[in-house]
Number of protein chains: 2
Amino acid sequence: MLDLAILGLLSEHEFHGYEIRKRLRDDLGLFANISFGSLYPALSRLELSGAVIGTESVGAAPASAPIPLTGSLGGERAAMRSRRAGTTRGTKRSRKVYRITDTGRRAFEGLLAAEEPVGTDEARSFGLRLAFARHLAPQARLGLLERRRDQLIRRLAADRARVAAGGDFDSYTRSLVEHSTDTTQHDISWLDSLIESEKQKQATPPTDNRSARTVGGRSPAAKGTEL
Amino acid sequence: MLDLAILGLLSEHEFHGYEIRKRLRDDLGLFANISFGSLYPALSRLELSGAVIGTESVGAAPASAPIPLTGSLGGERAAMRSRRAGTTRGTKRSRKVYRITDTGRRAFEGLLAAEEPVGTDEARSFGLRLAFARHLAPQARLGLLERRRDQLIRRLAADRARVAAGGDFDSYTRSLVEHSTDTTQHDISWLDSLIESEKQKQATPPTDNRSARTVGGRSPAAKGTEL
DNA sequence: ACATGATATATCAGATCGATATATCGATGC
DNA sequence: GCATCGATATATCGATCTGATATATCATGT
(Lines give C-alpha, C1' and ligand atoms only; values in the text may rest on other atoms or scores of the structure.)
Protein backbone atom coordinates (compact mmCIF):
# COMPACT_ATOMS: atom_id res chain seq x y z
CA MET A 1 0.00 0.00 0.00
CA LEU A 2 2.82 2.37 0.84
CA ASP A 3 4.48 1.31 -2.40
CA LEU A 4 1.51 2.66 -4.30
CA ALA A 5 1.72 5.98 -2.49
CA ILE A 6 5.45 6.34 -3.10
CA LEU A 7 5.30 5.36 -6.75
CA GLY A 8 2.33 7.67 -7.25
CA LEU A 9 4.22 10.64 -5.90
CA LEU A 10 7.41 9.77 -7.78
CA SER A 11 5.47 9.34 -11.02
CA GLU A 12 4.99 13.10 -11.03
CA HIS A 13 8.19 14.40 -9.49
CA GLU A 14 11.40 13.20 -7.89
CA PHE A 15 11.59 13.33 -4.12
CA HIS A 16 13.77 12.30 -1.22
CA GLY A 17 12.35 10.24 1.63
CA TYR A 18 11.68 12.97 4.11
CA GLU A 19 9.78 14.99 1.55
CA ILE A 20 7.63 12.02 0.53
CA ARG A 21 6.55 11.87 4.14
CA LYS A 22 5.69 15.56 4.13
CA ARG A 23 3.71 15.32 0.88
CA LEU A 24 1.70 12.39 2.20
CA ARG A 25 0.96 14.28 5.41
CA ASP A 26 0.44 17.84 4.19
CA ASP A 27 -1.00 17.35 0.71
CA LEU A 28 -3.06 14.19 0.86
CA GLY A 29 -3.72 13.82 4.57
CA LEU A 30 -3.62 10.06 4.20
CA PHE A 31 -0.94 8.28 6.22
CA ALA A 32 -1.19 11.02 8.86
CA ASN A 33 2.47 10.67 9.73
CA ILE A 34 4.04 7.77 7.95
CA SER A 35 6.68 6.10 10.08
CA PHE A 36 10.30 6.19 8.98
CA GLY A 37 10.34 2.55 9.90
CA SER A 38 7.91 2.01 7.02
CA LEU A 39 9.17 4.63 4.59
CA TYR A 40 12.87 3.93 4.35
CA PRO A 41 12.55 0.14 4.15
CA ALA A 42 9.88 0.65 1.48
CA LEU A 43 12.24 2.84 -0.55
CA SER A 44 15.00 0.25 -0.19
CA ARG A 45 12.56 -2.44 -1.27
CA LEU A 46 11.52 -0.45 -4.33
CA GLU A 47 15.11 0.31 -5.20
CA LEU A 48 16.09 -3.36 -4.96
CA SER A 49 13.20 -4.32 -7.24
CA GLY A 50 14.30 -1.69 -9.76
CA ALA A 51 11.15 0.42 -9.48
CA VAL A 52 13.06 3.49 -8.35
CA ILE A 53 16.62 4.75 -8.47
CA GLY A 54 18.07 6.68 -5.58
CA THR A 55 20.98 9.05 -6.09
CA GLU A 56 22.89 10.72 -3.31
CA SER A 57 22.30 14.42 -3.80
CA VAL A 58 25.57 16.10 -2.82
CA GLY A 59 26.47 18.28 -5.79
CA ALA A 60 30.08 17.19 -6.22
CA ALA A 61 31.03 13.51 -5.77
CA PRO A 62 28.46 11.84 -8.06
CA ALA A 63 28.42 8.54 -6.17
CA SER A 64 26.72 6.83 -9.06
CA ALA A 65 26.94 3.33 -7.57
CA PRO A 66 23.66 2.18 -5.95
CA ILE A 67 25.37 1.87 -2.54
CA PRO A 68 24.72 -1.57 -0.97
CA LEU A 69 22.51 -0.36 1.90
CA THR A 70 24.71 -1.72 4.66
CA GLY A 71 27.90 -0.45 3.17
CA SER A 72 30.56 1.95 4.30
CA LEU A 73 28.34 4.93 4.93
CA GLY A 74 31.00 6.47 7.11
CA GLY A 75 33.07 7.33 4.07
CA GLU A 76 30.35 9.36 2.44
CA ARG A 77 29.53 10.97 5.72
CA ALA A 78 33.11 12.06 6.23
CA ALA A 79 33.41 13.27 2.64
CA MET A 80 30.32 15.37 3.14
CA ARG A 81 31.24 16.75 6.50
CA SER A 82 33.75 19.16 5.00
CA ARG A 83 31.60 20.32 2.10
CA ARG A 84 29.04 23.06 2.70
CA ALA A 85 27.08 25.50 0.52
CA GLY A 86 27.88 23.70 -2.71
CA THR A 87 26.26 24.28 -6.08
CA THR A 88 22.74 23.75 -4.74
CA ARG A 89 22.78 26.37 -2.02
CA GLY A 90 20.80 25.65 1.11
CA THR A 91 20.74 21.83 1.00
CA LYS A 92 20.49 20.88 4.62
CA ARG A 93 22.06 17.51 4.60
CA SER A 94 22.92 14.59 2.36
CA ARG A 95 19.62 13.73 0.73
CA LYS A 96 18.94 10.65 -1.31
CA VAL A 97 16.70 11.66 -4.19
CA TYR A 98 14.55 8.97 -5.76
CA ARG A 99 13.39 8.82 -9.36
CA ILE A 100 10.87 6.38 -10.79
CA THR A 101 11.94 3.99 -13.56
CA ASP A 102 9.92 2.49 -16.39
CA THR A 103 9.66 -0.66 -14.33
CA GLY A 104 8.35 1.42 -11.48
CA ARG A 105 5.83 3.11 -13.72
CA ARG A 106 4.52 -0.26 -14.81
CA ALA A 107 4.38 -1.42 -11.20
CA PHE A 108 2.43 1.72 -10.33
CA GLU A 109 -0.13 1.12 -13.08
CA GLY A 110 -0.49 -2.45 -11.89
CA LEU A 111 -0.96 -1.55 -8.24
CA LEU A 112 -3.41 1.22 -9.05
CA ALA A 113 -5.56 -0.93 -11.30
CA ALA A 114 -5.34 -4.01 -9.09
CA GLU A 115 -8.35 -5.38 -7.30
CA GLU A 116 -8.30 -3.77 -3.87
CA PRO A 117 -7.55 -6.17 -1.04
CA VAL A 118 -10.66 -6.23 1.17
CA GLY A 119 -10.40 -5.55 4.86
CA THR A 120 -6.98 -3.90 4.71
CA ASP A 121 -7.76 -0.40 5.83
CA GLU A 122 -10.27 -0.02 3.05
CA ALA A 123 -10.84 3.69 3.50
CA ARG A 124 -7.16 4.55 3.26
CA SER A 125 -6.63 2.23 0.33
CA PHE A 126 -9.52 3.81 -1.56
CA GLY A 127 -8.50 7.35 -0.70
CA LEU A 128 -5.04 6.70 -2.02
CA ARG A 129 -6.32 5.24 -5.28
CA LEU A 130 -8.77 8.12 -5.71
CA ALA A 131 -5.94 10.61 -5.26
CA PHE A 132 -4.22 8.99 -8.25
CA ALA A 133 -7.41 8.22 -10.17
CA ARG A 134 -6.42 10.56 -12.99
CA HIS A 135 -3.83 7.95 -14.01
CA LEU A 136 -6.55 5.35 -14.53
CA ALA A 137 -8.46 4.62 -17.70
CA PRO A 138 -12.03 5.97 -17.49
CA GLN A 139 -13.72 2.59 -17.13
CA ALA A 140 -11.16 1.46 -14.54
CA ARG A 141 -11.87 4.67 -12.63
CA LEU A 142 -15.57 3.91 -12.67
CA GLY A 143 -14.82 0.38 -11.49
CA LEU A 144 -12.82 1.74 -8.57
CA LEU A 145 -15.71 3.95 -7.49
CA GLU A 146 -18.29 1.19 -7.84
CA ARG A 147 -16.23 -1.38 -5.97
CA ARG A 148 -15.85 1.10 -3.13
CA ARG A 149 -19.58 1.72 -3.18
CA ASP A 150 -20.23 -2.01 -2.89
CA GLN A 151 -17.90 -2.18 0.08
CA LEU A 152 -19.83 0.60 1.78
CA ILE A 153 -23.17 -1.02 1.01
CA ARG A 154 -21.97 -4.19 2.72
CA ARG A 155 -20.72 -2.14 5.64
CA LEU A 156 -24.08 -0.40 5.94
CA ALA A 157 -25.89 -3.74 5.95
CA ALA A 158 -23.58 -4.94 8.72
CA ASP A 159 -24.20 -1.73 10.69
CA ARG A 160 -27.96 -2.10 10.34
CA ALA A 161 -27.79 -5.76 11.33
CA ARG A 162 -25.93 -4.74 14.48
CA VAL A 163 -28.58 -2.19 15.38
CA ALA A 164 -31.42 -4.60 14.63
CA ALA A 165 -30.07 -7.83 16.13
CA GLY A 166 -28.14 -6.42 19.08
CA GLY A 167 -30.04 -4.41 21.63
CA ASP A 168 -27.97 -5.20 24.71
CA PHE A 169 -25.84 -2.18 23.91
CA ASP A 170 -25.34 0.51 26.47
CA SER A 171 -25.98 4.10 25.43
CA TYR A 172 -22.36 4.77 24.40
CA THR A 173 -22.07 1.72 22.22
CA ARG A 174 -25.45 2.41 20.69
CA SER A 175 -24.42 5.94 19.84
CA LEU A 176 -21.20 4.61 18.33
CA VAL A 177 -23.03 2.17 16.09
CA GLU A 178 -25.58 4.76 15.05
CA HIS A 179 -22.87 7.24 14.20
CA SER A 180 -21.07 4.61 12.18
CA THR A 181 -24.27 4.00 10.23
CA ASP A 182 -24.70 7.71 9.55
CA THR A 183 -21.11 8.06 8.41
CA THR A 184 -21.43 5.10 6.07
CA GLN A 185 -24.57 6.59 4.55
CA HIS A 186 -22.78 9.88 4.08
CA ASP A 187 -19.90 8.08 2.37
CA ILE A 188 -22.28 6.24 0.07
CA SER A 189 -23.99 9.43 -1.06
CA TRP A 190 -20.56 10.93 -1.71
CA LEU A 191 -19.66 7.92 -3.82
CA ASP A 192 -22.95 8.23 -5.65
CA SER A 193 -22.19 11.80 -6.61
CA LEU A 194 -18.68 10.82 -7.73
CA ILE A 195 -20.06 7.97 -9.82
CA GLU A 196 -22.72 10.13 -11.40
CA SER A 197 -20.32 12.89 -12.37
CA GLU A 198 -17.89 10.29 -13.69
CA LYS A 199 -20.58 8.77 -15.88
CA GLN A 200 -21.57 12.19 -17.15
CA LYS A 201 -18.01 12.99 -18.02
CA GLN A 202 -17.63 9.73 -19.91
CA ALA A 203 -20.91 10.25 -21.76
CA THR A 204 -19.67 13.52 -23.24
CA PRO A 205 -16.16 12.85 -24.59
CA PRO A 206 -16.02 15.48 -27.40
CA THR A 207 -14.48 18.21 -25.20
CA ASP A 208 -11.06 17.97 -23.61
CA ASN A 209 -11.44 15.38 -20.86
CA ARG A 210 -8.15 16.09 -19.10
CA SER A 211 -8.25 18.22 -15.97
CA ALA A 212 -12.00 18.05 -15.31
CA ARG A 213 -13.46 20.53 -12.84
CA THR A 214 -15.88 20.31 -9.93
CA VAL A 215 -16.31 16.60 -9.55
CA GLY A 216 -18.74 15.63 -6.82
CA GLY A 217 -21.54 18.05 -7.48
CA ARG A 218 -20.54 20.56 -4.84
CA SER A 219 -19.17 23.86 -5.98
CA PRO A 220 -15.91 24.89 -4.31
CA ALA A 221 -17.71 27.80 -2.68
CA ALA A 222 -20.36 25.61 -1.00
CA LYS A 223 -18.28 24.55 2.00
CA GLY A 224 -19.51 24.32 5.55
CA THR A 225 -23.18 24.01 4.72
CA GLU A 226 -23.81 21.22 7.23
CA LEU A 227 -23.75 21.79 10.97
CA MET B 1 -4.91 -1.92 21.51
CA LEU B 2 -6.14 -5.45 20.93
CA ASP B 3 -5.37 -6.15 24.56
CA LEU B 4 -7.89 -3.52 25.58
CA ALA B 5 -10.55 -5.07 23.37
CA ILE B 6 -9.93 -8.57 24.67
CA LEU B 7 -9.82 -7.55 28.33
CA GLY B 8 -12.94 -5.46 27.85
CA LEU B 9 -14.90 -8.37 26.48
CA LEU B 10 -13.56 -10.78 29.08
CA SER B 11 -14.37 -8.35 31.88
CA GLU B 12 -18.03 -9.10 31.23
CA HIS B 13 -18.03 -12.73 30.20
CA GLU B 14 -15.64 -15.60 29.52
CA PHE B 15 -14.93 -16.39 25.90
CA HIS B 16 -12.74 -18.53 23.73
CA GLY B 17 -10.62 -17.00 20.99
CA TYR B 18 -12.85 -17.62 18.05
CA GLU B 19 -15.83 -16.11 19.82
CA ILE B 20 -13.86 -13.00 20.79
CA ARG B 21 -13.27 -12.49 17.10
CA LYS B 22 -16.98 -12.86 16.36
CA ARG B 23 -17.99 -10.46 19.11
CA LEU B 24 -15.56 -7.83 17.88
CA ARG B 25 -16.86 -8.23 14.35
CA ASP B 26 -20.60 -8.69 14.89
CA ASP B 27 -21.28 -6.66 18.01
CA LEU B 28 -18.88 -3.74 17.92
CA GLY B 29 -17.98 -3.55 14.24
CA LEU B 30 -14.49 -2.40 15.15
CA PHE B 31 -11.65 -4.66 14.07
CA ALA B 32 -13.71 -5.69 11.05
CA ASN B 33 -12.16 -9.14 11.01
CA ILE B 34 -9.38 -9.36 13.49
CA SER B 35 -6.63 -11.65 12.25
CA PHE B 36 -5.91 -14.89 14.08
CA GLY B 37 -2.30 -13.93 13.78
CA SER B 38 -3.11 -11.04 16.13
CA LEU B 39 -5.69 -12.68 18.31
CA TYR B 40 -3.99 -15.87 19.44
CA PRO B 41 -0.60 -14.29 20.13
CA ALA B 42 -2.40 -11.57 22.07
CA LEU B 43 -4.19 -14.17 24.18
CA SER B 44 -0.90 -15.99 24.81
CA ARG B 45 0.70 -12.66 25.75
CA LEU B 46 -2.11 -11.86 28.17
CA GLU B 47 -1.96 -15.33 29.66
CA LEU B 48 1.79 -15.08 30.18
CA SER B 49 1.38 -11.73 31.94
CA GLY B 50 -1.27 -13.22 34.21
CA ALA B 51 -4.08 -11.01 32.94
CA VAL B 52 -6.19 -13.94 31.78
CA ILE B 53 -6.36 -17.66 32.46
CA GLY B 54 -7.16 -20.06 29.70
CA THR B 55 -8.66 -23.46 30.44
CA GLU B 56 -9.12 -26.23 27.92
CA SER B 57 -12.88 -26.73 27.74
CA VAL B 58 -13.39 -30.48 27.33
CA GLY B 59 -15.97 -31.39 29.96
CA ALA B 60 -14.22 -34.31 31.58
CA ALA B 61 -10.45 -34.08 32.17
CA PRO B 62 -10.20 -30.78 34.13
CA ALA B 63 -6.72 -29.97 32.84
CA SER B 64 -6.27 -27.37 35.54
CA ALA B 65 -2.61 -26.69 34.77
CA PRO B 66 -2.07 -23.56 32.63
CA ILE B 67 -0.61 -25.69 29.80
CA PRO B 68 2.77 -24.31 28.60
CA LEU B 69 1.61 -23.20 25.15
CA THR B 70 4.09 -25.28 23.22
CA GLY B 71 3.40 -28.42 25.16
CA SER B 72 2.09 -31.84 24.33
CA LEU B 73 -1.15 -30.80 22.69
CA GLY B 74 -1.34 -34.17 20.98
CA GLY B 75 -2.30 -35.84 24.23
CA GLU B 76 -5.31 -33.65 24.78
CA ARG B 77 -6.25 -34.00 21.15
CA ALA B 78 -6.15 -37.78 21.36
CA ALA B 79 -8.09 -37.78 24.62
CA MET B 80 -10.72 -35.58 23.01
CA ARG B 81 -10.96 -37.47 19.80
CA SER B 82 -12.96 -40.31 21.36
CA ARG B 83 -15.28 -38.06 23.37
CA ARG B 84 -18.36 -36.63 21.68
CA ALA B 85 -21.63 -35.12 22.92
CA GLY B 86 -20.40 -34.80 26.48
CA THR B 87 -22.02 -32.80 29.26
CA THR B 88 -22.04 -29.59 27.19
CA ARG B 89 -23.82 -30.91 24.11
CA GLY B 90 -22.83 -29.45 20.78
CA THR B 91 -19.27 -28.28 21.49
CA LYS B 92 -17.61 -28.44 18.09
CA ARG B 93 -14.02 -28.81 19.03
CA SER B 94 -11.55 -28.37 21.85
CA ARG B 95 -11.99 -24.76 22.88
CA LYS B 96 -9.71 -22.84 25.17
CA VAL B 97 -11.91 -20.62 27.31
CA TYR B 98 -10.32 -17.50 28.76
CA ARG B 99 -11.29 -15.84 32.04
CA ILE B 100 -10.03 -12.48 33.26
CA THR B 101 -8.06 -12.29 36.52
CA ASP B 102 -7.83 -9.49 39.06
CA THR B 103 -4.52 -8.55 37.48
CA GLY B 104 -6.25 -8.42 34.12
CA ARG B 105 -9.04 -6.28 35.51
CA ARG B 106 -6.50 -3.80 36.82
CA ALA B 107 -4.69 -3.85 33.47
CA PHE B 108 -7.99 -3.16 31.74
CA GLU B 109 -8.75 -0.17 33.96
CA GLY B 110 -5.26 1.13 33.28
CA LEU B 111 -5.48 0.73 29.52
CA LEU B 112 -8.94 2.25 29.36
CA ALA B 113 -8.03 5.31 31.43
CA ALA B 114 -4.60 5.74 29.81
CA GLU B 115 -3.82 8.75 27.66
CA GLU B 116 -4.61 7.66 24.12
CA PRO B 117 -1.56 7.28 21.90
CA VAL B 118 -1.90 9.86 19.12
CA GLY B 119 -1.70 8.83 15.52
CA THR B 120 -2.27 5.14 16.14
CA ASP B 121 -5.53 4.54 14.36
CA GLU B 122 -7.20 7.21 16.45
CA ALA B 123 -10.74 6.49 15.31
CA ARG B 124 -10.53 2.81 16.18
CA SER B 125 -8.85 3.53 19.47
CA PHE B 126 -11.54 6.00 20.45
CA GLY B 127 -14.39 3.78 19.30
CA LEU B 128 -13.06 0.96 21.40
CA ARG B 129 -12.76 3.13 24.48
CA LEU B 130 -16.22 4.55 23.96
CA ALA B 131 -17.66 1.04 23.74
CA PHE B 132 -16.28 0.41 27.23
CA ALA B 133 -16.86 3.93 28.52
CA ARG B 134 -19.36 2.69 31.12
CA HIS B 135 -16.39 1.24 33.03
CA LEU B 136 -14.87 4.72 33.38
CA ALA B 137 -15.42 7.22 36.15
CA PRO B 138 -17.65 10.10 34.97
CA GLN B 139 -14.89 12.69 34.79
CA ALA B 140 -12.56 10.26 33.01
CA ARG B 141 -15.36 9.61 30.54
CA LEU B 142 -15.71 13.31 29.89
CA GLY B 143 -11.95 13.57 29.46
CA LEU B 144 -12.04 10.82 26.85
CA LEU B 145 -14.69 12.65 24.86
CA GLU B 146 -12.93 15.99 25.07
CA ARG B 147 -9.54 14.61 24.09
CA ARG B 148 -11.15 13.03 21.07
CA ARG B 149 -12.83 16.32 20.23
CA ASP B 150 -9.45 18.06 20.38
CA GLN B 151 -7.99 15.48 18.03
CA LEU B 152 -10.79 16.15 15.56
CA ILE B 153 -10.39 19.92 15.84
CA ARG B 154 -6.73 19.54 14.93
CA ARG B 155 -7.68 17.27 12.06
CA LEU B 156 -10.18 19.81 10.79
CA ALA B 157 -7.58 22.56 10.92
CA ALA B 158 -5.22 20.36 8.90
CA ASP B 159 -7.98 19.62 6.38
CA ARG B 160 -8.77 23.30 5.99
CA ALA B 161 -5.08 24.16 5.62
CA ARG B 162 -4.87 21.61 2.85
CA VAL B 163 -7.81 23.14 1.02
CA ALA B 164 -6.50 26.68 1.50
CA ALA B 165 -2.79 26.20 0.82
CA GLY B 166 -2.97 23.51 -1.86
CA GLY B 167 -4.82 24.29 -5.00
CA ASP B 168 -2.83 22.12 -7.40
CA PHE B 169 -5.22 19.26 -6.64
CA ASP B 170 -7.06 17.54 -9.44
CA SER B 171 -10.81 17.15 -9.11
CA TYR B 172 -10.63 13.72 -7.47
CA THR B 173 -8.15 14.75 -4.82
CA ARG B 174 -10.08 17.92 -4.16
CA SER B 175 -13.28 15.97 -3.67
CA LEU B 176 -11.43 13.61 -1.33
CA VAL B 177 -10.14 16.44 0.82
CA GLU B 178 -13.53 18.16 0.90
CA HIS B 179 -15.24 14.96 1.90
CA SER B 180 -12.70 14.43 4.64
CA THR B 181 -13.46 17.92 5.93
CA ASP B 182 -17.18 17.24 5.92
CA THR B 183 -16.73 13.95 7.74
CA THR B 184 -14.54 15.55 10.39
CA GLN B 185 -17.15 18.25 10.95
CA HIS B 186 -19.82 15.60 11.29
CA ASP B 187 -17.67 13.73 13.82
CA ILE B 188 -17.14 16.90 15.83
CA SER B 189 -20.83 17.65 16.05
CA TRP B 190 -21.39 14.07 17.18
CA LEU B 191 -18.76 14.50 19.87
CA ASP B 192 -20.40 17.77 20.90
CA SER B 193 -23.72 16.05 21.44
CA LEU B 194 -22.03 13.25 23.40
CA ILE B 195 -20.21 15.79 25.57
CA GLU B 196 -23.32 17.81 26.20
CA SER B 197 -25.41 14.84 27.22
CA GLU B 198 -22.57 13.59 29.41
CA LYS B 199 -22.38 16.93 31.20
CA GLN B 200 -26.13 16.97 31.68
CA LYS B 201 -26.04 13.50 33.16
CA GLN B 202 -23.27 14.48 35.55
CA ALA B 203 -25.08 17.68 36.56
CA THR B 204 -28.13 15.72 37.72
CA PRO B 205 -26.80 12.90 39.91
CA PRO B 206 -29.86 12.39 42.21
CA THR B 207 -31.52 9.72 40.05
CA ASP B 208 -30.01 6.32 39.31
CA ASN B 209 -27.12 7.07 36.95
CA ARG B 210 -26.48 3.49 35.88
CA SER B 211 -27.84 2.39 32.50
CA ALA B 212 -28.52 5.82 31.06
CA ARG B 213 -30.69 6.03 27.95
CA THR B 214 -30.60 7.98 24.70
CA VAL B 215 -27.16 9.47 24.77
CA GLY B 216 -26.35 11.58 21.76
CA GLY B 217 -29.54 13.54 21.40
CA ARG B 218 -31.09 11.44 18.66
CA SER B 219 -34.05 9.31 19.60
CA PRO B 220 -33.75 5.64 18.53
CA ALA B 221 -36.62 6.17 16.10
CA ALA B 222 -34.94 9.06 14.25
CA LYS B 223 -32.78 6.97 11.96
CA GLY B 224 -32.20 7.59 8.29
CA THR B 225 -33.10 11.26 8.29
CA GLU B 226 -30.18 12.32 6.14
CA LEU B 227 -29.91 11.51 2.45
C1' DA C 1 -20.27 -40.15 -1.36
C1' DC C 2 -18.36 -35.71 -1.56
C1' DA C 3 -17.83 -30.87 -1.38
C1' DT C 4 -18.62 -26.76 1.14
C1' DG C 5 -18.66 -23.92 4.94
C1' DA C 6 -18.71 -22.93 9.88
C1' DT C 7 -16.19 -23.74 14.07
C1' DA C 8 -11.62 -23.72 16.34
C1' DT C 9 -6.57 -23.12 17.15
C1' DA C 10 -2.00 -22.18 15.58
C1' DT C 11 2.05 -20.40 12.98
C1' DC C 12 4.59 -17.73 9.48
C1' DA C 13 6.23 -14.03 6.51
C1' DG C 14 5.65 -9.38 5.56
C1' DA C 15 4.11 -4.64 6.46
C1' DT C 16 3.72 -0.90 9.57
C1' DC C 17 4.43 1.69 13.78
C1' DG C 18 6.66 4.08 17.67
C1' DA C 19 10.93 4.84 19.64
C1' DT C 20 15.49 5.81 19.28
C1' DA C 21 20.09 7.22 17.36
C1' DT C 22 22.77 10.24 14.63
C1' DA C 23 23.83 14.51 12.32
C1' DT C 24 23.21 19.25 10.21
C1' DC C 25 21.27 23.73 10.22
C1' DG C 26 18.48 28.02 11.37
C1' DA C 27 16.27 30.65 14.79
C1' DT C 28 15.55 32.13 19.44
C1' DG C 29 17.09 33.62 23.68
C1' DC C 30 20.44 35.13 27.12
C1' DG D 1 29.43 34.14 21.73
C1' DC D 2 26.88 30.17 22.97
C1' DA D 3 23.36 27.06 24.26
C1' DT D 4 19.07 25.16 23.27
C1' DC D 5 15.30 24.08 20.46
C1' DG D 6 12.90 22.59 16.35
C1' DA D 7 13.10 21.32 11.54
C1' DT D 8 15.51 18.58 8.20
C1' DA D 9 17.32 14.03 6.93
C1' DT D 10 18.40 9.00 7.12
C1' DA D 11 18.51 4.64 9.44
C1' DT D 12 17.47 0.70 12.54
C1' DC D 13 15.00 -1.93 16.25
C1' DG D 14 11.34 -4.39 18.57
C1' DA D 15 6.56 -5.03 18.81
C1' DT D 16 2.24 -5.50 16.72
C1' DC D 17 -1.09 -6.49 13.17
C1' DT D 18 -2.45 -8.63 8.71
C1' DG D 19 -3.13 -12.22 5.25
C1' DA D 20 -2.15 -16.73 4.11
C1' DT D 21 -1.78 -21.25 5.24
C1' DA D 22 -2.22 -25.67 7.90
C1' DT D 23 -4.84 -28.75 10.62
C1' DA D 24 -9.01 -30.75 12.45
C1' DT D 25 -14.12 -31.49 13.59
C1' DC D 26 -18.78 -31.30 12.39
C1' DA D 27 -23.17 -29.98 9.89
C1' DT D 28 -25.44 -29.32 5.62
C1' DG D 29 -26.34 -29.58 1.02
C1' DT D 30 -26.14 -32.15 -3.35
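Note on naming: letters A, B, ... go to the chains in the order of the sequence lines (proteins, then strands), and numbering restarts at 1 for each one.
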Nearest to the side chain of B:His16 - C:dA8, C:dT16, D:dT10? C:dA8
Rounding to an integer number of Å, can you tell me how far A:Asp121 CG sits from C:dT16 P? 10 Å
Output for pair (A:Leu142 CG, A:Leu136 CG), nearest 0.5 Å, gives 11.0 Å
So, is A:Thr120 close to the D:dG19 phosphate, meaning a side-chain N or O under 4.0 Å from OP1 or OP2? yes
To the nearest angstrom, how far is B:Leu24 atom CG from D:dT18 atom P? 10 Å
May I ask you to decide whether B:Lys96 forms a salt bridge with B:Glu47, counting only side-chain N to carboxylate O separations under 4.0 Å? yes
Please tell me if B:Ser35 has a side-chain N or O lying less than 4.0 Å from either OP1 or OP2 of D:dC17. no
Provide, to the nearest angstrom, the distance between the CD atom belonging to A:Glu122 and the P atom belonging to D:dT18. 13 Å
Please pick, from D:dC17, D:dT10, D:dT12, the nucleotide with the shortest atom-to-atom distance to any side-chain atom of B:Leu2. D:dC17
Ion pair present between B:Arg23 and B:Asp27, side-chain N to carboxylate O less than 4.0 angstrom? yes
For the residue pair A:Phe108 and A:Phe132, does the interplanar ring angle fall in the parallel (under 30°), tilted (30 to 60°) or perpendicular (over 60°) class? perpendicular
Grab the CD1-C1' distance between A:Ile20 and D:dA9 for me, whole Å please. 13 Å
Please classify the nucleic acid contact of B:Leu39 as base, sugar-phosphate, or nothing, using heavy-atom distances under 4.0 Å. nothing
So what does B:Gly37 hit on the nucleic acid, given a heavy-atom distance under 4.0 Å: a base, only sugar-phosphate, or nothing? base
Taking any heavy-atom pair under 4.0 Å as a contact, classify A:Val118: base, sugar-phosphate, or nothing. sugar-phosphate
Does A:Asp159 come within less than 4.0 Å of A:Arg155, counting only side-chain N to carboxylate O? yes
Side chain of B:Tyr18: nearest nucleotide among D:dC17, D:dT10, C:dT9? C:dT9
Rounded distance in Å - CZ (A:Phe36) to P (D:dA15): 22 Å
Any side-chain N or O of A:Lys22 under 4.0 Å from OP1/OP2 of D:dT8? yes
Secondary structure of DNA chain C in dot-bracket form (Watson-Crick or G-U wobble, distances below 3.5 Å, | marking inter-strand pairs): ||||||||||||||||||||||||||||||
Examine C:dT9: is either OP1 or OP2 under 4.0 Å from a nitrogen or oxygen in the side chain of B:Tyr40? Give yes or no. yes
CG of A:Leu144 to CD of A:Gln139, rounded to nearest 0.5 Å, is 12.0 Å
Whole angstrom is fine here: how far is it from CG in A:Asn33 over to P in C:dT16? 15 Å
Salt bridge present between B:Asp150 and B:Arg147 (N-O < 4.0 angstrom): no
What is the nucleic acid contact for A:Arg124, judged by heavy atoms within less than 4.0 Å: base, sugar-phosphate only, or nothing? sugar-phosphate
Rounded to the Å, how far apart are A:Ile6 CD1 and C:dT16 P? 9 Å
Can you tell me how far CD1 of B:Ile6 sits from CD1 of B:Ile20, rounded to the nearest 0.5 angstrom? 5.5 Å
With a non-hydrogen cut-off below 4.0 angstrom, is A:Arg45 in contact with a base, only sugar-phosphate, or nothing? sugar-phosphate
What's the CZ-P distance between B:Phe31 and D:dC17, to the nearest Å? 7 Å
Does OP1 or OP2 of D:dA9 have a side-chain N or O of A:Ser94 closer than 4.0 Å? no
For B:Ile34, answer base if it contacts any base atom (sugar-phosphate contacts may also be present), sugar-phosphate if it contacts only those atoms, and nothing otherwise; contact means non-hydrogen atoms under 4.0 Å. sugar-phosphate
